[in-house]
Amino acid sequence: MNYWLIKSEPFKYSFDQLLKDKKTFWEGVRNYQARNNLRAMKKGDLLLFYHSNEGKEVVGIAKVAGEAYQDPTTDDTNWVVVDVAPVKKLKNPVTLAMVKADKRLAQMALVTSMRLSVQPVKREEFDLILELAGEQ
DNA sequence: GCCAACGTTGGC
DNA sequence: GCCAACGTTGGC
């Protein structure tokens, strides 16, 4: 089981929208590193859902509902999407400021590779985020 | 809206 | 294959 963090601008696709849709395919990734992370995802992997720009916070947990396949929105075979389903909304969103303020999370890609839109998360980091969210 | 960081493109 | 130019992302 692996853990990941995916970013979305809330006005483009928010976690609430995902809760409403029950399932979506994660499209629009046009960065090789992010793409490679998508390809590495396995069904059942857990995802932190981060809102960039507005909010700048982790708002929910989602999971990989289906592994990478050709992005249906383009003919370019370089790009893939994965199926994503909501798990739960966090009681208290974890803001970027909180993550940055916590020394234990200083190594998170969210801090070190700010612009990467699909990034791996360590199990300890995932647990810490849940702790900060008041989920455990 | 600005700008820093960073990834990609294209000329040489 | 280098690197300057350019475009995009995302925090502030």
Side-chain angles (χ1 to χ4, degrees):
Chain A
M1 157 91 69
N2 289 307
Y3 302 88
W4 310 90
L5 180 145
I6 55 177
K7 288 186 186 175
S8 182
E9 304 191 25
F11 65 86
K12 251 168 80 185
Y13 196 89
S14 67
F15 191 72
D16 286 337
Q17 187 64 45
L18 179 61
L19 285 172
K20 219 179 289 174
D21 292 348
K22 304 280 197 292
K23 187 176 169 182
T24 189
F25 55 85
W26 202 251
E27 51 109 354
V29 170
R30 291 294 181 271
N31 168 285
Y32 288 104
Q33 216 180 330
R35 191 276 316 271
N36 291 342
N37 289 333
L38 284 184
R39 281 193 178 153
M41 287 181 186
K42 295 270 183 279
K43 193 172 177 179
D45 283 358
L46 291 176
L47 307 161
L48 297 172
F49 197 109
Y50 177 84
H51 279 175
S52 61
N53 268 316
E54 280 174 60
K56 281 169 291 177
E57 56 196 11
V58 178
V59 291
I61 304 168
K63 68 180 176 193
V64 178
E67 292 173 22
Y69 54 93
Q70 166 67 33
D71 186 338
T73 65
T74 176
D75 289 333
D76 189 337
T77 53
N78 276 319
W79 308 116
V80 298
V81 299
V82 295
D83 285 333
V84 171
V87 174
K88 70 181 297 191
K89 192 169 181 167
L90 294 179
K91 283 200 203 89
N92 308 303
V94 179
T95 65
L96 180 61
M98 287 164 70
V99 171
K100 282 187 170 170
D102 195 315
K103 286 195 201 71
R104 297 171 298 176
L105 295 173
Q107 294 311 309
M108 270 192 87
L110 189 60
V111 180
T112 61
S113 314
M114 193 239 285
R115 295 183 54 212
L116 186 59
S117 59
V118 179
Q119 40 185 262
V121 174
K122 293 197 195 74
R123 185 190 173 130
E124 307 87 80
E125 293 166 345
F126 187 86
D127 289 344
L128 277 166
I129 295 289
L130 291 194
E131 191 184 308
L132 290 175
E135 294 287 343
Q136 286 177 342

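Residue numbers start from 1 in every chain, and the chains themselves are labelled A, B, ... in the order their sequence lines are given, proteins ahead of strands.
By the neighbour-count criterion of 12 heavy atoms within 6.0 Å, atom CG of D75(A) is sparsely surrounded, having that number or fewer from other residues, nucleotides or ligands. By the neighbour-count criterion of 12 heavy atoms within 6.0 Å, atom CD of E67(A) is densely surrounded, having more than that number from other residues, nucleotides or ligands.
Positionally, the nearest nucleotide of DNA chain C for K12(A) lies more toward the 5' end than for the other of K12(A) and K100(A).
In this entry the distance linking CG of L116(A) with P of dG11(C) reads 13 Å, nearest Å.
L116(A) and V29(A) are not part of a single hydrophobic cluster, where members link through side-chain heavy atoms under 4.5 Å apart.
W4(A) and D45(A) form a side-chain donor-acceptor contact under 3.5 Å, judged by distance and modelled atom types alone. A donor-acceptor contact closer than 3.5 angstrom links the side chains of T73(A) and D71(A).
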Next item on the list: Produce a footprint string for nucleotides 3-10 of chain B: one letter per nucleotide, 5' end first; B if the base is under 4.0 Å from any protein heavy atom, S if only the sugar-phosphate is, - if neither.
Entry: --BBSS--
